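Notes follow the structure.
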Protein chains: 2
Amino acid sequence: MAQAMEHTRLLVLSLLSVRDMYGYEMIAELERRFDKTFSMKEGTLYPVLRALENSGALKSYQQETPAGRVRKYYRLTKKGAALLSEETRLWREYEKAINSVVTPLAEPV
Amino acid sequence: MAQAMEHTRLLVLSLLSVRDMYGYEMIAELERRFDKTFSMKEGTLYPVLRALENSGALKSYQQETPAGRVRKYYRLTKKGAALLSEETRLWREYEKAINSVVTPLAEPV
DNA sequence: TGACATGCCTCGAAACTCTAGGTATAATAT
DNA sequence: ATATTATACCTAGAGTTTCGAGGCATGTCA
């Protein structure tokens, strides 16, 4: 069963606009929120993080936990914030467009 | 520039739940509604129509216009209506999930 | 010591969409 | 009469994105 976790960039940028996070943490956070709905897969997330960093939307840095585990945190850059704003705009447009076709038929009995 | 017309099945099923339509007409109708936002491409639509018919969600029939032009109309089957209902449910869930992450940050300044 | 959780990563397949064509007929313009 | 545009269908190949299924290393707990 395909899980269709589109708009991955939008979600990643949104999460990082609140606070710096590391990959594994983002997956856990989305899992917590969406529960059974759907989940972002590692095979999806890590390449996206890499691409966002390569394009300058994110900056990463290593940080060690008290326990001695090393995590790779990501921080949103100015460029990333601009991208988030644009992606959000596109999402709103997309959402409205789909609903303009679907909504009228969604309240049948 | 990639146009990202996802949820194609949902849109097709929604349109056909109102009235029978032919492919070219669906594209024109969506074009009219979404205007510049985005458009569904023929290379996307026709394979989807074929797949939906093969799966039993749609039935097609030919119809000639007064002008003598032949069109291939699609009608939603019971199975298609059930699929629409399910796809709509998934869309609502998806929409809510994305918004739960994006919305809180969308009203800055 | 062995199992599980954490945390990172990649490769190849699968799914989906787009580009860029093709065919054929009708309408319109030249 | 002829060329162009609009209508109406279609497909092959490329591109993009996601997923499945692994791998690797360390920390925790039984």
Side-chain angles (χ1 to χ4, degrees), chain A residues 1-13 15 20-32 34 37-55 57-58 60-74 83 87 90-91 94 97-98, chain B residues 1-13 15 20-32 34 37-55 58 60-74 87 90-91 94 97-98:
Chain A
M1 182 194 296
Q3 278 292 7
M5 178 76 281
E6 301 143 0
H7 297 111
T8 308
R9 267 184 303 278
L10 173 61
L11 290 179
V12 167
L13 294 170
L15 288 174
D20 293 3
M21 292 180 85
Y22 55 98
Y24 201 79
E25 188 185 13
M26 296 181 204
I27 288 172
E29 172 69 12
L30 292 175
E31 189 92 5
R32 194 183 62 71
F34 300 160
T37 311
F38 43 55
S39 63
M40 190 174 316
K41 304 304 186 305
E42 298 188 15
T44 302
L45 178 61
Y46 287 115
V48 166
L49 286 174
R50 180 173 301 278
L52 284 174
E53 181 169 23
N54 286 344
S55 77
L58 305 180
S60 71
Y61 57 94
Q62 308 268 101
Q63 192 163 305
E64 200 166 343
T65 66
R69 194 177 283 285
V70 177
R71 291 164 175 167
K72 190 171 178 182
Y73 280 86
Y74 289 89
L83 182 58
E87 293 268 14
L90 286 175
W91 159 249
Y94 181 71
I98 300 284
Chain B
M1 182 196 295
Q3 277 292 7
M5 177 78 280
E6 300 142 0
H7 296 112
T8 307
R9 267 184 305 277
L10 173 61
L11 290 179
V12 167
L13 294 170
L15 288 175
D20 293 4
M21 292 179 86
Y22 55 99
Y24 200 79
E25 187 184 13
M26 297 181 203
I27 288 172
E29 172 69 12
L30 293 174
E31 189 92 5
R32 193 183 62 72
F34 300 161
T37 312
F38 42 56
S39 63
M40 190 176 313
K41 303 305 185 306
E42 299 189 14
T44 303
L45 178 61
Y46 287 115
V48 166
L49 286 174
R50 181 172 300 279
L52 284 173
E53 182 169 24
N54 286 343
S55 76
L58 305 180
S60 71
Y61 57 95
Q62 307 269 102
Q63 191 163 305
E64 200 165 343
T65 65
R69 195 177 281 287
V70 177
R71 291 166 175 165
K72 190 172 177 182
Y73 280 85
Y74 290 89
E87 292 268 15
L90 286 175
W91 159 249
Y94 181 71
I98 300 283

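Letters go in sequence order (proteins before strands), and every chain restarts at 1. All values reported here derive from a predicted model rather than from experimental measurement.
Under 4.0 angstrom from either OP1 or OP2 of C:dT17 there lies at least one side-chain N or O belonging to B:Thr8. In terms of phosphate contacts, B:Tyr24 brings a side-chain nitrogen or oxygen within less than 4.0 Å of OP1 or OP2 of D:dT7. Proximity of A:Arg69 to the phosphate of D:dT26: no side-chain N or O atom is located under 4.0 Å from OP1 or OP2. For D:dT17, one of the phosphate oxygens OP1 or OP2 lies less than 4.0 angstrom from a side-chain nitrogen or oxygen of A:Arg9. Note on B:Tyr22: a side-chain N or O is less than 4.0 Å away from OP1 or OP2 of D:dA8.
When each of D:dT18, D:dA8, C:dG7 is scored by its nearest atom to the side-chain atoms of A:Arg71, the top-ranked nucleotide is C:dG7. Considering only the side chain of B:Pro47, D:dT11 comes nearest among D:dC10, D:dT11, C:dA26. Closest contact between the side chain of B:Tyr46 and the listed nucleotides D:dC10, C:dT10, C:dT17 involves D:dC10.
At a cut-off of 3.5 angstrom, the base of D:dC10 holds at least one donor-acceptor pair with the side chain of B:Glu42.
Checked by atom type and distance alone, the side chain of A:Gln63 never pairs as donor or acceptor with a backbone atom of A:Tyr73 at under 3.5 Å.
If you take CE of B:Met26 and C1' of D:dT7, they are 16 Å apart, rounded to a whole angstrom. Between B:Leu45 atom CG and C:dT19 atom C1' there is a gap of 16 Å when expressed in whole angstrom units. Following rounding to the nearest Å, A:Met21 (CE) and C:dC8 (P) show an atom-to-atom distance of 11 Å. Note: CD (A:Gln63) to P (C:dC8) measures 12 Å, nearest angstrom. In this structure, the CG atom of A:Leu49 is 8 Å from the P atom of C:dC9, given to the nearest Å. In this structure, B:Leu52 places its CG atom 11 Å from P of C:dC16, rounding to the nearest Å. Summarising the geometry, the separation between CD on A:Glu29 and C1' on C:dT6 is reported as 17 Å, rounded to the nearest angstrom. Spacing between atom CD of A:Glu25 and atom C1' of C:dA5 amounts to 16 Å, rounded to whole angstrom units.
A residue-by-residue look at A:Lys72 and B:His7 shows that A:Lys72 has its nearest nucleotide of DNA chain C further toward the 5' end. Of the two residues near DNA chain C, A:Arg50 and A:Val70, the one whose nearest nucleotide lies more 5' is A:Val70.
When each of A:Thr44, A:Asn54, A:Val12, A:Thr8 is tested with A:Leu49 by the rule side chain to side chain contact (heavy atoms under 4.5 Å, CB included), just one qualifies, namely A:Val12.
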One pair to check against side-chain contact (heavy atoms from CB on, under 4.5 Å): B:Tyr61 and B:Asp20. What are the steps and the verdict?
CA-CA 10 Å; B:Tyr61 57 95; B:Asp20 293 4; 2.6 Å; yes
Can you check side-chain contact (heavy atoms from CB on, under 4.5 Å) on B:Met40 and B:Phe34, steps first, answer last?
CA-CA 10 Å; B:Met40 190 176 313; B:Phe34 300 161; over 6 Å; no
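Residues forming a salt bridge (charged side-chain N to carboxylate O under 4.0 Å, His left out) with A:Glu29 (at least two apart in sequence, or on another chain): A:Arg32, A:Arg33.
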